[in-house]
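Lettering follows sequence order; numbering is per chain, from 1.
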Amino acid sequence: MTSSALTQLLAVLGAPKSAGRLSLADWDLLVRVARVASLEGRLHALIEEAGTLPEVPPAPRRHLHAARVLADRQHAMVRWEVARIHEALAPEAIPMMLLKGAAYVMAGLPCAPGRQFSDVDILVPQARIEQAEQHLFVQGWVCEGYDAYDQRYYRQWMHELPPLTHIQRKSVLDVHHTILPPTARLHPDPDLLWQAALPLDDHPGVYIPAPVDMVLHSATHLFHDGELENGLRDLADLDALLRYFVAEDPGFWERLTARAFEMDLARPLFYALRYGREFLQTPVPDSAFAALARARPSAPLRGLMDGLFRRGLIPHHWSCDGVGSGAARWLLYVRSHYLRMPLHLLLPHLVRKAVKDQRKGKRERPEP
Amino acid sequence: MTAPEDLRAGLRGAGVALQVGPFVVRLRSRLDRVERALALFYDRQLLPPEQAAFADFHITLARASGLHWLWRPQARFFLDGRSPFRPLPLAHAYPLFEWGLNWCIAQHAHDFLMIHAAVLERNGRALVMPGEPGAGKSTLTAALTLSGWRLLSDEFALLSLTDGQLVALPRPVSLKNAAIDLIRERYPQAVIGPASHDTSKGTVAHLRPPDASIQKMHDPARPAWLVFPRFAAGGRDHLAPLDRAVALQRLVGSSFNYSVVGAAGFEAAADLIEQSACLELEYADLDATLGLLNDLTAGGA
């Protein structure tokens, strides 16, 4: 962590009032780092809540404000999309659970204001997934831009349908039936998730995960499944969720760690708490780490993962990159695939993907 | 004002800062043609470093890497190290800068309702001309700019969401194809840069904005006329009133970010319609049409 912009970004995330002390030259880089991390809108919300917005010079404030306008617009769209998805699934009584950003926004959680995102993620019971796809199709969600191989890859190996795009609105919807692919190393049971799910106020048939499961799912997505392009944003989500849930429920840490073992997601939770504390001073008690001791990686592996995640989680911006950043991201990418499926399935898939990406690179976006 | 060697050193070093309307652009480039274009078009907008601690957009124009530079050299546009578009032939490096800057503004300036329209001002009142490509908007804009109107913008109207004023974004007017010679012949005082041939818009050359437009860059203007031009070769030049509801619909249809700014954008657009005479312009002959538009300022319409 040598980049001063990164240090300042972490400082403002932790103590938004400190934004008032930054110079124009500080902002010049900070805005750009926050932008690639998809944290501009979030910064605006945090600084606004702290009452410090008037102390931010107008030039950078304009950019934070613009990102906030965009985020507010995305939230309005998400509310609209959730209502339309619900309309498609409700007549057949197919329950839907909102995940990640959509859940934060619909439940009005403290990590929502200013949060930028693009897709809506939902979970439906595996037994109903085909039916859900049919009814979403009738309402205009289609699977486009995926060839036969991709389609088969998703349907055979993944924990979700290939992403669906609405034919008119072009909004993207990810329909999951479980948290991780069936071939993954960890095996969380989606039935447990459903049993604990909470109904969303005013939306019969729409659920959000219970607080412990919401944290576990977000941690799993970040540390076991995802690409880390928005790693710091997702870590900031987790930080805000944890602070909020702990304040609501003093027994939260204990229940969270117990649930992590029950769901077979203790390792990703360990990472979330470790790097949350390291980057954002998430107030994780030592007792929580003690409870997770059995799930933490052995010392040599821990050292390796520290090296990778400390590089991979920070914004993918040239000013934050140091020695080995590119290699670390590549290794984390390979790791996320390796955790998803055994090597004999993974290698042919990666080769195929590499060839296809290279072909796609030649058909880049045309000029403006 | 910056000496040529300073411009060159700046472009090749930490970048030069340009005041482009309400935005500060920090530009770096080792390309000679970018340096020449900058010296020709932006010499009055260079900011001393102490006034440019913060830049809105950090742009680099560079030679595209890869072996094909040997037989087909290309220029690439970078915003803060990331390249959002495909490279273009090296000869189009300067138009690439202008198009790329349009993209930057359209992506980020959501404190405005942004409209694909020309804006000109006379006696404190602004004329807004949205237009489809091919409507002859740039030709008209250049002609008006060279005959006493102040240029606020060639194709990017910035309507403030807080006070309903039009904010100036004076940049070189992009002339296409036959319009280049037409403007050159009619207005000998026009300063027009070198032409770039075979772009996606045909041949493109840029007109340097007059000094007055640059000097008054920070003065906004109130909207007074909303005119939708349509070029109709061989037709009869005339202005006809346009239904306000239709005008509003067309205005928001020309906006880049109407769906992003939501209700604030609707209100700003409706206010603009309320304050403006809404007209449709059919235009065939430049002189006749300039006469019609100049008559507007004399109190007509």
Is it the case that over 12 heavy atoms from other parts of the model lie below 6.0 angstrom from the [atom1] atom of [X]?
| X | atom1 | value |
| --- | --- | --- |
| Gln51(B) | CD | yes |
| Arg21(A) | CZ | no |
| Asp163(B) | CG | yes |
| Gln139(A) | CD | yes |

Interatomic distance, [X] atom [atom1] to [Y] atom [atom2] [nearest 0.5 angstrom]:
| X | Y | atom1 | atom2 | answer |
| --- | --- | --- | --- | --- |
| Phe54(B) | Leu29(A) | CZ | CG | 10.5 Å |
| His317(A) | Asp80(B) | NE2 | CG | 3.5 Å |
| Asp28(A) | Arg26(B) | CG | CZ | 7.0 Å |
| His108(B) | Leu70(A) | NE2 | CG | 9.0 Å |
| Asn257(B) | Arg73(A) | CG | CZ | 11.0 Å |

- Heavy atoms only, distances under 4.5 angstrom: which of Arg32(A), His65(A), His63(A) has the most pairs with chain B? Name it, please.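 Result: the option with the highest number of such pairs is Arg32(A).
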
- Among Ala25(A), Ala66(A), Pro57(A), Ser23(A), who wins on heavy-atom pairs under 4.5 Å with chain B?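 Of Ala25(A), Ala66(A), Pro57(A), Ser23(A), Ala66(A) has the most heavy-atom pairs under 4.5 Å with chain B.
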
- Trp318(A), part contacting chain B, at a heavy-atom distance under 4.5 Å: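 Looking at Trp318(A), just its side chain touches chain B.
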
- Leading residue by heavy atom contact count with chain A [cutoff under 4.5 Å; candidates Ala52(B), Ala109(B), Ser259(B)]: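 Among Ala52(B), Ala109(B), Ser259(B), the one with the most close pairs to chain A is Ser259(B).
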
- Would you mind listing every salt bridge (Lys or Arg N to Asp or Glu O under 4.0 Å) that reaches into residues 51-69 of chain A, with sequence neighbours excluded?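 Non-adjacent pairs meeting salt bridge (Lys or Arg N to Asp or Glu O under 4.0 Å): Glu48(A)-Arg68(A), Arg62(A)-Asp56(B), Arg62(A)-Asp111(B), Arg68(A)-Asp72(A).
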
- Residue part contacting chain A, namely of Arg82(B), when any heavy atom lies under 4.5 Å: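 Side chain only.
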
